[in-house]
Every structure is written in C-alpha cells, then in structure tokens.
Amino acid sequence: MGRKNFLFCNTPGGAQSSAVLYSLIETAKETGLDPYRYLLWVLERAPELVRAADETWAEKLIPAQAPAECKAKI
C-alpha cells in the first residue's frame, strides 16, 4: 500500500510517521473497524491520555480497545 507513497517521505521522521499511520489503518480494517471512525476516535483521545502522563497511553488506543461506534457498518 505505501510502497509508492514512501518515495515522497524525504525524512526518516516522515517515513516513520507514515508507517505508523498506515499500520493503524490496516490494523483497524483487519479487526472490522471503520478506519475513519477509528482514527477520529484515536485523534480525539490521544491528547488527553498523553497529558495524563500515563505510561500505557498508547495501549489504550489500539484497535482492540476501540468502542462499538468505531465498528464498520456492513
């Protein structure tokens, strides 16, 4: 999926960010989540979890922790 897109990542940080985003989207699809709803949920929750200084904040945002409203409609 990202092979051609990675050609345009001109910094290591940009490439890593793209890889993280692609991984989140593909994992969400594989677990039956709507990628848009899931990413919206992640982006809404991430700032408050990071500010709470909880060391396990990232684990609370994995697709398995997503609420039912993130599920894909069939």
Side-chain angles (χ1 to χ4, degrees):
M1 177 177 162
R3 185 173 155 186
K4 297 255 183 189
N5 293 331
F6 290 138
L7 293 172
F8 300 103
C9 295
N10 57 359
T11 64
Q16 183 174 4
S17 297
S18 293
V20 168
L21 190 59
Y22 286 131
S23 295
L24 280 174
I25 291 171
E26 290 302 315
T27 304
K29 285 197 256 182
E30 288 295 318
T31 55
L33 299 176
D34 177 17
Y36 176 79
R37 288 188 187 134
Y38 170 66
L39 288 176
L40 187 62
W41 176 76
V42 166
L43 294 173
E44 287 174 348
R45 291 211 36 189
E48 66 190 43
L49 291 173
V50 171
R51 270 183 273 172
D54 184 9
E55 292 179 7
T56 61
W57 67 270
E59 293 175 11
K60 295 177 182 174
L61 298 174
I62 61 174
Q65 302 294 332
E69 65 258 13
C70 292
K71 298 283 184 196
K73 305 226 192 263
I74 299 175

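- The salt bridge (charged side-chain N to carboxylate O under 4.0 Å, His left out) search around K71 returns none, not counting sequence neighbours.
- Around CD of E48, the count of heavy atoms belonging to other residues, nucleotides or ligands within 6.0 Å exceeds 12.
- The minimum heavy-atom distance between K29 and P35, with the atom names listed, is CG-CG, 3.5 Å.
- Looking only at side-chain heavy atoms (C-beta outward), L33 and R37 stay at 4.5 Å or farther from each other.
- Cluster membership check: V42 shares its hydrophobic cluster with L21, using side-chain heavy-atom separations under 4.5 Å among Ile, Leu, Val, Met, Phe, Trp and Tyr.
- Side chain of R45 to backbone of W41: no donor-acceptor contact under 3.5 angstrom is found.
- Contact record, P63 with T31: CB-OG1, 3.6 Å, taken as the closest heavy-atom pair.
- Heavy-atom minimum distance, I25 versus L39: CG1-CD1, 3.6 Å.
- Heavy atoms from other residues, nucleotides or ligands lying under 6.0 Å from CD of E69 number more than 12.
- Looking only at side-chain heavy atoms (C-beta outward), L24 and Y38 come within less than 4.5 Å of each other.
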